[in-house]
Amino acid sequence: MKEKLIDLFEYTYHSNKEMIKIISENISKIDDKTIGLINHTLNAQQIWNSRIVGEKTFEVWQINSFENLEEINHENFLRSIQIIENSDFEQKVEYQNSKGNKFENSIFEMLFHTINHSTYHRGQINSLLKQNGIEPLLTDYIFYKR
């Protein structure tokens, strides 16, 4: 299971990196919604990692300096791998969402959600890129594995 999760986080890291690159290369055509979504995608991974390990989290919709997005993506990746390597996936973690509501989920559920959430928002970003005349990226997992 660990190897499969690591593979999925490598895919997430790679796809986020490519998304940051295409946004950077076309920054003059990029709208605020796209900037908000790429930040949210990275923020969410940081938030879920931090919930698992009990550290301070980013804000859900905070806008980070664009120059820091690659570093945030890399730090998220390393932290996710560290969690995978050192955690019991069945362990339940109590946390509060951004509205202050309390929940409990297993580490596996939280990690899987992170991957799925990133994929969802990259699809939204691709739609926005296309609307702004930018060729969307092929970020499907199967294309990554080819």
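Note that the structure is a prediction, hence the values are computed from the model and not measured.
Sorted by first then second residue, the side chain to side chain donor-acceptor pair (under 3.5 Å) pairs that include residues 51-65, not counting sequence neighbours, are Asn39-Asn64, Asn43-Asn64, Glu55-Arg79, Gln62-Asn64, Ser65-Glu67. Screening residues 13-34 for salt bridge (Lys or Arg N to Asp or Glu O under 4.0 Å), with sequence neighbours left out, gives no hits.
The distance from atom OG1 of Thr41 to atom CD of Gln45, rounded to the nearest 0.5 Å, is 10.0 Å. The line from OG1 of Thr12 to CG of Asn76 is 10.5 Å long, rounded to the nearest 0.5 Å. Note that CD1 of Ile22 and CG of Asn26 are 5.5 Å apart. Values are rounded to the nearest 0.5 Å. Note that the OG atom of Ser80 and the CE atom of Met110 stand 11.5 Å from one another [nearest 0.5 Å]. A distance of 8.0 Å separates CD in Glu90 from NZ in Lys92, rounded to the nearest 0.5 Å. In this structure, CD1 on Ile125 lies 11.0 Å from OG on Ser15, to the nearest 0.5 angstrom.
Under the 4.5 Å side-chain heavy-atom criterion for grouping Ile, Leu, Val, Met, Phe, Trp and Tyr, Leu69 is not connected to Tyr11 through any hydrophobic cluster. Phe9 and Ile72 fall into different hydrophobic clusters, where Ile, Leu, Val, Met, Phe, Trp and Tyr side chains are chained together by heavy-atom contacts under 4.5 Å. Linking Ile, Leu, Val, Met, Phe, Trp and Tyr whenever their side-chain heavy atoms come within less than 4.5 Å leaves Ile47 and Ile81 in two separate clusters. Under the 4.5 Å side-chain heavy-atom criterion for grouping Ile, Leu, Val, Met, Phe, Trp and Tyr, Met19 is connected to Leu42 within one hydrophobic cluster. Leu8 is connected to Phe108 through a chain of hydrophobic side-chain contacts under 4.5 Å among Ile, Leu, Val, Met, Phe, Trp and Tyr, so both are in one cluster.
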Show me the donor-acceptor pairs, under 3.5 Å and distance only, between side chains in residues 134-146 and residues at least two apart or in other chains.
from: Tyr141; atom 1: OH; to: Asp7; atom 2: OD2; distance (Å): 2.3
from: Lys145; atom 1: NZ; to: Asp7; atom 2: OD1; distance (Å): 2.9

Side chains of residues 98-107: which donor-acceptor pairs under 3.5 Å do they make with residues two or more places apart or in other chains?
from: Asn105; atom 1: OD1; to: Tyr95; atom 2: OH; distance (Å): 2.6
from: Asn105; atom 1: ND2; to: Glu109; atom 2: OE1; distance (Å): 3.2
from: Ser106; atom 1: OG; to: Glu109; atom 2: N; distance (Å): 3.1
from: Ser106; atom 1: OG; to: Glu109; atom 2: OE1; distance (Å): 3.4

Which pairs of donor and acceptor atoms, one on a side chain in residues 116-124, lie under 3.5 Å apart (sequence neighbours left out)?
from: His117; atom 1: NE2; to: His40; atom 2: NE2; distance (Å): 3.2
from: His117; atom 1: NE2; to: His121; atom 2: NE2; distance (Å): 3.1
from: Ser118; atom 1: OG; to: Thr114; atom 2: O; distance (Å): 3.1
from: Thr119; atom 1: OG1; to: Ile115; atom 2: O; distance (Å): 3.1
from: Thr119; atom 1: OG1; to: Arg122; atom 2: NH2; distance (Å): 3.3
from: His121; atom 1: ND1; to: Gln124; atom 2: OE1; distance (Å): 2.4
from: His121; atom 1: NE2; to: His40; atom 2: NE2; distance (Å): 3.3
from: Arg122; atom 1: NH1; to: Asn16; atom 2: OD1; distance (Å): 2.8

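A donor-acceptor contact shorter than 3.5 Å is absent between the side chain of Ser24 and the backbone of Ile20. Asn86 places a side-chain N or O within donor-acceptor distance of the main-chain N or O of Gln82, the cut-off being under 3.5 Å.
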Evaluate side chain to side chain contact (heavy atoms under 4.5 Å, CB included) for Asn73 paired with Glu70, printing each intermediate quantity in order.
-> CA-CA 5 Å; Asn73 186 41; Glu70 277 194 51; 5.6 Å; no
Please assess Phe89 against Lys2 for the test side chain to side chain contact (heavy atoms under 4.5 Å, CB included), listing each intermediate value before the final yes or no.
-> CA-CA 9 Å; Phe89 297 145; Lys2 286 184 180 187; 3.6 Å; yes
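Donor-acceptor pairing under 3.5 Å is recorded for the side chains of Ser50 and Gln46.
Residues satisfying the ring-ring contact (aromatic ring centres under 6.0 Å, His included) test with His74, not counting sequence neighbours, are Tyr13.
Between Gln131 and Leu128, some side-chain heavy-atom pair lies under the 4.5 Å cut-off.
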